[in-house]
Number of protein chains: 2
Amino acid sequence: MENEYICKEKCPHFNKISEVKLTSPNDDSVIDLADMFKIFADSTRLKIICAIMKEELCVCDLCELLGLNQTTVSHQLKTLRDSKLVKYRRDGKQIFYSLEDDHVTQILSAGLSHISEEAENEQL
Amino acid sequence: MENEYICKEKCPHFNKISEVKLTSPNDDSVIDLADMFKIFADSTRLKIICAIMKEELCVCDLCELLGLNQTTVSHQLKTLRDSKLVKYRRDGKQIFYSLEDDHVTQILSAGLSHISEEAENEQL
DNA sequence: TAAACATATGAACAAATATGCATATAAAAG
DNA sequence: CTTTTATATGCATATTTGTTCATATGTTTA
């Protein structure tokens with residue numbers, strides 16, 4: 001049942017499928033990619049990323065800026081740390097966060113340009 | 001309690017915060033952006049996107065290619081349709097899906113280049 | 001027009017996850 | 001060395017979401 005094709009007639013299109021299989025990324029890459037996009041798929045984390053894009057901020061700055069609970073911010077910062085998207089340095093009692101590299105910015109701006117074009121299309 | 005600052009001393013850094021507020025996208029944009037990244041944050045949807053990147057495929061092709069339930073594929077295609085990332089055309093009983101525009105590809109490749117650099121760094 | 005086929009949709013369930021409370025850790029100040 | 005301050009973490013919970021089953025819709029063919 002699992003191995004039977006769903007369609008009976010001219011579908012599936014075997015030649016198309018075999019070609020796609022050749023050019024598609026492997027399963028592990030796709031899962032890694034999805035995990036990476038998951039990080040960007042939350043507005044709290046996105047706000048944090050946008051905030052520390054230009055200059056480093058401490059946890060407390062982020063709480064104040066985003067109007068969020070300190071716990072919430074710290075949890076999301078841990079997620080960002082674990083995914084290697086941010087770096088941090090301690091200065092006394094405070095810990096300052098900043099972006100790890102500019103891939104983050106690139107992904108973000110690719111997303112933003114899609115969003116903004118969508119907004120344009122809706123105006124028409 | 002909500003409106004009190006968490007830190008008492010030299011934090012928060014008001015000048016930094018006010019500058020960040022000026023350059024950060026507004027809340028609605030951030031939510032839209034997060035919603036958009038959510039679409040990419042699932043390996044099934046990513047596989048579908050990669051598969052129809054070069055040429056259109058029907059639902060059944062996708063099921064066969066990805067080894068997934070027809071219902072699962074259709075549900076994810078609906079998500080992709082709703083988010084305007086894919087377009088489709090009917091040909092008899094079959095429905096062929098393809099990418100709506102090349103923003104999708106751009107976002108994907110931005111993500112992939114981050115992933116691949118991460119892999120390089122781990123080899124060192 | 002009835003049956004077969006390709007795809008879509010609704011409901012239910014399980015798994016993932018974002019948030020907040022309580023508390024732990026770590027640094028500085030008194 | 002005790003207290004205060006800044007941040008992190010474990011746990012509980014509510015919400016979201018991906019998958020599947022059952023079934024509906026739309027198209028073709030007999």
- Item | Flag side-chain contact, heavy atom, 4.5 Å: B:His114 against A:Ile107 |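 A side-chain contact under 4.5 Å exists here.
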- Task: Answer yes or no: is there a side-chain heavy-atom contact under 4.5 Å between A:Leu108 and A:Leu46?
- Result: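 A:Leu108 vs A:Leu46: side chains touch.
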Interatomic distance, [X] [atom1] vs [N] [atom2] [rounded to whole Å]:
X	N	atom1	atom2	answer
B:Leu57	C:dT7	CG	P	11 Å
A:Ile31	D:dG18	CD1	P	14 Å
B:Phe96	C:dT7	CZ	P	8 Å
B:Asp91	D:dG26	CG	C1'	14 Å
B:Arg81	C:dA8	CZ	C1'	7 Å
B:Asp42	C:dT17	CG	C1'	14 Å
A:Gln94	D:dT4	CD	C1'	14 Å
B:Gln70	D:dT23	CD	P	15 Å

Does [N] have its OP1 or OP2 closer than 4.0 Å to a side-chain nitrogen or oxygen of [X]?
X	N	value
B:Arg90	D:dG26	no
B:Tyr97	C:dA8	yes
A:Ser74	D:dA8	yes

- The side chain of B:Cys60 lies closest to which of these nucleotides: D:dC21, D:dT19, C:dT7?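 When the side chain of B:Cys60 is considered, C:dT7 is the closest of D:dC21, D:dT19, C:dT7.
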- Select one nucleotide: of C:dT19, D:dT7, D:dC21, the one nearest the side-chain heavy atoms of A:Gln76. C:dT19
- List for me each residue that meets side-chain contact (heavy atoms from CB on, under 4.5 Å) alongside A:Glu19, sequence neighbours excluded, and say none if there are none.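 So A:Glu19 forms a side-chain contact (heavy atoms from CB on, under 4.5 Å) with B:Glu55.
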- Query: Of all residues at least two apart in sequence or in a different chain, which pass the side-chain contact (heavy atoms from CB on, under 4.5 Å) check with B:Glu117?
  - Reply: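 Partners of B:Glu117 by the side-chain contact (heavy atoms from CB on, under 4.5 Å) criterion, ordered by chain and then number, come out as A:Asp101, A:His103, B:Asn121.
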- Stem ranges of DNA chain C by first residue number, counting only runs of at least 3 Watson-Crick or G-U pairs under 3.5 Å, come to C:1-30 with D:1-30
- Message: Can you confirm whether more than 12 heavy atoms, excluding those of B:Phe96, are under 6.0 Å from its CZ atom?
- Response: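 For B:Phe96, atom CZ is crowded (more than 12 foreign heavy atoms under 6.0 Å).
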- Message: Tell me whether A:Lys84 at atom NZ has more than 12 heavy atoms from other residues, nucleotides or ligands lying less than 6.0 Å away.
- Response: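 No, because the 6.0 Å sphere around NZ of A:Lys84 holds 12 heavy atoms or fewer from other groups.
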Say whether [X] and [Y], considering side chains only, have a donor N or O and an acceptor N or O under 3.5 Å apart.
X	Y	value
A:Ser29	A:Asn26	yes
A:Arg81	A:Tyr97	yes
A:Gln70	A:Ser74	yes

- Query: Which one of B:Asp61, B:Leu77, B:Val86, B:Leu65 satisfies the side chain to side chain contact (heavy atoms under 4.5 Å, CB included) criterion with B:Ile52?
  - Reply: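 Answer to the side chain to side chain contact (heavy atoms under 4.5 Å, CB included) test with B:Ile52 among B:Asp61, B:Leu77, B:Val86, B:Leu65: B:Val86.
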For residues 32-40 of chain B, which side-chain N or O atoms pair as donor and acceptor with protein atoms under 3.5 Å away, sequence neighbours left out?
residue, atom, partner, partner atom, Å
B:Asp35, OD1, B:Lys38, NZ, 3.3

- Item | First encountered from the 5' end of DNA chain C, between B:Ile95 and A:Lys38 | B:Ile95
- Item | 5' precedence on DNA chain C between B:Leu77 and A:Gly92 (nearest-nucleotide basis) | B:Leu77
- Please work out which residues in residues 43-51 of chain B have a non-hydrogen atom less than 4.0 Å from an atom of DNA chain D and list them by number. B:Thr44, B:Arg45
- Along nucleotides 10-15 of chain D, 5' to 3', which nucleotides get a B, which get an S, and which get a -, given that the test is a protein heavy-atom distance under 4.0 Å? B-----
- Item | Gap between atom CG of B:Leu80 and atom CG of B:Leu99 - 0.5 Å precision | 9.0 Å
